[in-house]
Amino acid sequence: MEKTLRSINGVYYSIYMLTILSAIVAFMLTYLNVNFSTIAEKSTIGITLSSILMLYIMITIPVSFWLFYKNTQKWKTLPDRFAKFTAYKKASVNRLWVVGVGLILGVLLVYFLHSTNMIYCALISAVALFFCKPTEGKMIKDLNLDEDEI
């Protein structure tokens, strides 16, 4: 269980590091006035990019949480502890990446579109990613583990 949590936490913090790295790179591109670094917020491409990100966030966050919950209900019935941990790890990592992509793209679009709406999109994804943070208590509850399985 500890190994599973460590690897999931590694992905969790890697997503935040990639977010920070992308913010730094995007800031440097806008600070140095690189020609391709800004897109007009009200242009066709700006509206398209922001709409795609908003739809992505509005669809993927609830769906990923719902699918994860549905799968944890199935995994509770698995007799093998190793199978439970393997399935939990795979689904947790997938959920983290699905939500994390919204965060990273939101941060990038904040700089490239100079849009306050993208700040809110990035914030929504950051809060959703916070709720995806794996802990021992969540894992025990999600998989309905007993004392001997821990």
Check the hydrophobic clustering (I, L, V, M, F, W, Y; side-chain heavy atoms under 4.5 Å; chains of links allowed) and say if [X] and [Y] are grouped together.
{"X": "V101", "Y": "L55", "answer": "no"}
{"X": "Y120", "Y": "M58", "answer": "no"}
{"X": "F112", "Y": "L21", "answer": "no"}
{"X": "L18", "Y": "Y13", "answer": "yes"}

Show me, pair by pair, the donor-acceptor contacts under 3.5 angstrom made by side chains of residues 59-68, not counting sequence neighbours?
unit_1 : atom_1 : unit_2 : atom_2 : d
T60    : OG1    : Y56    : O      : 2.6
S64    : OG     : T60    : O      : 2.9
S64    : OG     : I61    : O      : 3.0

request  = Return the set of residues passing side-chain hydrogen bond (donor to acceptor under 3.5 Å, both in side chains) with Y69 (not counting sequence neighbours), or none when no residue passes.
outcome  = none
ask   = With sequence neighbours excluded, what pairs up with S115 under the side-chain hydrogen bond (donor to acceptor under 3.5 Å, both in side chains) test?
value =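 Listed in chain order: E41.
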For residues [X] and [Y], report the shortest heavy-atom separation together with the two atoms involved.
{"X": "A122", "Y": "L103", "answer": "O-CD1, 3.2 Å"}
{"X": "C132", "Y": "V99", "answer": "SG-CG2, 4.2 Å"}
{"X": "Y111", "Y": "A23", "answer": "CE1-O, 3.7 Å"}
{"X": "M139", "Y": "T4", "answer": "CE-CG2, 3.6 Å"}
{"X": "I8", "Y": "P134", "answer": "CG2-CG, 3.1 Å"}
{"X": "M118", "Y": "L113", "answer": "CG-CD1, 4.2 Å"}

request  = Just jot down the ring pair (Phe, Tyr, Trp, His ring centres under 6.0 Å) partners of Y12, sequence neighbours excluded, or say none.
outcome  =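 Only Y16 meet the ring pair (Phe, Tyr, Trp, His ring centres under 6.0 Å) criterion with Y12.
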key: Which residues share a ring pair (Phe, Tyr, Trp, His ring centres under 6.0 Å) with F27, sequence neighbours left out   =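 Partners of F27 under the ring pair (Phe, Tyr, Trp, His ring centres under 6.0 Å) test: Y31.
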For [X], all residues meeting side chain to side chain contact (heavy atoms under 4.5 Å, CB included), sequence neighbours excluded:
{"X": "S22", "value": "I104, V107, L108"}
{"X": "V11", "value": "I15, V93, L96, W97"}
{"X": "I45", "value": "I39, S43, L49"}
{"X": "N94", "value": "K90"}

query = Within the side chain of K138, is there an N or O that forms a donor-acceptor pair under 3.5 Å with the backbone of F131?
reply =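 Pair found, side chain donor or acceptor close to backbone of F131.
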[X] side, atom [atom1]; [Y] side, atom [atom2] - distance, nearest 0.5 Å:
{"X": "I119", "Y": "L123", "atom1": "CD1", "atom2": "CG", "answer": "9.5 Å"}
{"X": "S14", "Y": "M17", "atom1": "OG", "atom2": "CE", "answer": "8.5 Å"}
{"X": "Y88", "Y": "L5", "atom1": "OH", "atom2": "CG", "answer": "7.5 Å"}

K141 atom NZ, neighbour heavy-atom count above 12 within 6.0 Å =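 It does not: K141 NZ has 12 such atoms or fewer within range.
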query = Are L143 and K76 side-chain neighbours, meaning at least one heavy-atom pair lies under 4.5 Å?
reply = no
ask   = Less than 4.5 Å apart, any side-chain heavy atom of K133 and any of L129?
value = no
task = Please go through I52's hydrophobic cluster and name the other residues, only I, L, V, M, F, W, Y counting, with side-chain heavy atoms under 4.5 Å joining them.
result =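 Joined to I52, directly or through intermediates: none.
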